[in-house]
Amino acid sequence: MKFTSGLVGLTIALTSTATYAEETLSVVGSWSGLPLHKQYENPFWTEQFPEASGGDFTVSLTTHDQMGIQGGDVFRMLGEGVFDIGMTVADYAVSDTPALEGLDVPLIATDAASARIMVDAARPMVDDIFAEVFNAKVLGIAPYPPQVVFCNAEVASLADLEGLKIRASGRMTGKLLEALGAEAVSVGFGEVPGALQKGVVDCAVTGAGSGYSAGWWEVSTHLMPIPLGGWDPVVTAINLDKWNSLTSEQHALIQQQVTDNLETPAWETAQEALATDVACLTGEGECPGEKHDMILVPVSDADVATAREILITQVLPDWAERSGGDWGQRWSDTVGAVTGVSIN
């Protein structure tokens, strides 16, 4: 009887230990050198989240560029279980599913508040895409600042982009540039400075802060702050098998922490960050860091109207056709409903 009692006690102890065993999450973040990772992802995963979990979770953090993999590989590898949580620009994954382009439509949102409304409206679509295509659950979507135009060429208006070779930040942006008469060129983010310097491209689209941090001001002369590339949302997702292995209490903890301490703070500072980044790139306005002297190209209402008309009449219908199924209708019923734009 004593031996049996000891076994029962041992079983209870082992069960307790298994229930509260420390979980280790392998996390792959977005670009290591850009503000989103340095200011939000890194401190969240290495300090805030482990502390909030009371020691129940530890995190092993790296980024796709530190791993030496392409941004477009992140969600594929996440779905295969190579790591537990992945974060990267949604546009990097559109070759796997054109439907994902509907998350980041250029020129629909001109400020951070309206961009978040647009992203929140698209969230049910994005949730379905990630579950079906990447075997993943979306935890959050945070923005890079608006994707603006850096040029190593004389430009004074949107019309001057005609005939230029321009690096697009996503497929939908590329379609928009082509409709404006430019040649959309596919160049990896890290390769852009060399491409601008050598004349492989005349202009390139990225976030103002990303271009500032990566030194694009060294090889560009003109900055056109029209959001031709949208907001380049970065999706944070967890492998579904890993998610399903966790308890409901762990689900609640992870989701609340990502929403409150990663996603929301990034959105709250996005608008102010844009103004600061433009000031630092051009030397016009308040800049807490090093100022540069790019020429600021004012964006006219006529330029915005022209680009938006092309978007609505050509780019969005093309996307709906390429995506197939009912994605175009779903977009119109959700994002379109909150932005006043529908796909014909």
Side-chain angles (χ1 to χ4, degrees), residues 29-47 61-66 71 87-89 110-112 115 142-156 160-161 164 166-169 173 187-234 262 265-299:
S30 60
W31 287 98
S32 61
L34 299 187
L36 181 65
H37 180 75
K38 293 193 290 186
Q39 296 175 16
Y40 299 105
E41 291 175 359
N42 188 296
F44 174 78
W45 289 114
T46 60
E47 300 171 15
L61 176 68
T62 185
T63 63
H64 76 269
D65 55 305
Q66 290 171 335
M87 290 163 282
T88 197
V89 178
T110 56
D111 57 51
Y144 277 137
Q147 304 296 290
V148 296
V149 187
F150 290 74
C151 285
N152 193 18
E154 291 282 342
V155 292
D160 293 333
L161 299 183
L164 298 184
I166 304 178
R167 181 261 185 182
S169 58
T173 302
V187 179
F189 177 82
E191 300 168 353
V192 169
L196 282 167
Q197 190 172 35
K198 296 172 184 176
V200 175
V201 295
D202 303 296
C203 305
V205 178
T206 196
S210 302
Y212 178 80
S213 298
W216 288 21
W217 44 269
E218 294 182 294
V219 289
S220 303
T221 55
H222 291 64
L223 180 71
M224 184 180 292
I226 184 172
L228 282 185
W231 289 73
D232 237 15
V234 172
L262 178 57
W267 277 110
E268 288 176 344
T269 58
Q271 189 66 40
E272 181 181 348
L274 172 63
T276 300
D277 294 335
V278 170
C280 290
L281 286 164
T282 63
E284 299 183 21
E286 294 295 323
C287 170
E290 183 181 355
K291 285 188 176 184
H292 303 292
D293 58 357
M294 292 186 68
I295 297 170
L296 181 63
V297 180
V299 179

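Counting from 1, the numbers follow the sequence of the chain as shown.
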>> Looking at every non-hydrogen atom in both residues, tell me the closest pair between C203 and V149 and how far apart they are.
In response: CB-CG1, 4.0 Å
> With sequence neighbours left out, what residues match D202 under salt bridge (Lys or Arg N to Asp or Glu O under 4.0 Å)?
Replying inline: K165
> Which atoms form the tightest heavy-atom contact between S169 and Q147, and what is the distance?
Replying inline: CB-OE1, 3.9 Å
> If you take all heavy atoms of G285 and A279, which pair is closest and at what distance?
Replying inline: C-CB, 3.8 Å
> Would you call P225 and L296 a side-chain contact if the rule is heavy atoms closer than 4.5 Å?
Replying inline: yes
> Roughly how far, to the nearest 0.5 Å, is OG1 of T63 from CD of E41?
Replying inline: 9.0 Å
Hey, can you pull the donor-acceptor pairs under 3.5 Å for the side chains in residues 187-194, sequence neighbours left out?
none

> Do the ring planes of W31 and H64 sit parallel (below 30°), tilted (30 to 60°) or perpendicular (above 60°)?
Replying inline: perpendicular
> What do the steps show when you test Y40 against M87 for side-chain contact (heavy atoms from CB on, under 4.5 Å), and what is the final call?
Replying inline: CA-CA 12 Å; Y40 299 105; M87 290 163 282; over 6 Å; no
> What closest approach, in Å, do G289 and Y212 show between heavy atoms, and which atom pair accounts for it?
Replying inline: C-OH, 4.0 Å
>> Between W217 and L223, is the side-chain contact (heavy atoms from CB on, under 4.5 Å) condition met? List the steps.
In response: CA-CA 9 Å; W217 44 269; L223 180 71; over 6 Å; no
> If you take all heavy atoms of G211 and F150, which pair is closest and at what distance?
Replying inline: CA-CZ, 3.7 Å
> Just how far is it from atom NE2 of H37 to atom CG of L61, taken to the nearest 0.5 Å?
Replying inline: 5.0 Å
>> Please check if the number of heavy atoms outside Q66 that lie under 6.0 Å from its CD is greater than 12.
In response: yes
>> Using modelled atom types and a 3.5 Å cut-off, is there a donor and acceptor pairing between side-chain atoms of H292 and backbone atoms of C280?
In response: no
> Are more than 12 heavy atoms from other residues, nucleotides or ligands located less than 6.0 Å from atom CG of D111?
Replying inline: yes
> Which distance, rounded to the nearest 0.5 Å, do you find between the CE of M224 and the CG of L161?
Replying inline: 5.0 Å
> Just how far is it from atom SG of C151 to atom CE of M294, taken to the nearest 0.5 Å?
Replying inline: 8.0 Å
> How long is the gap from CG on N42 to OG1 on T62, to the nearest 0.5 Å?
Replying inline: 10.5 Å
> Under the side-chain contact (heavy atoms from CB on, under 4.5 Å) criterion, do V200 and R167 qualify, and how do the steps go?
Replying inline: CA-CA 9 Å; V200 175; R167 181 261 185 182; over 6 Å; no
> Between CG of L281 and CD1 of I295, what distance do you get to the nearest 0.5 Å?
Replying inline: 13.0 Å
> Considering all heavy atoms of both residues, which atom of S32 and which atom of D65 are nearest to each other, and what is their separation?
Replying inline: OG-OD2, 2.6 Å
>> Test side-chain contact (heavy atoms from CB on, under 4.5 Å) on V155 and L164; report intermediate values, then the result.
In response: CA-CA 10 Å; V155 292; L164 298 184; 3.9 Å; yes
>> Under a 3.5 Å distance rule, please check whether Q271 uses its side chain to pair with a backbone N or O of A112 as donor and acceptor.
In response: yes
>> Checking the side chain of D277 only, and the main-chain atoms of G209 only, is there a donor and an acceptor separated by less than 3.5 Å?
In response: yes
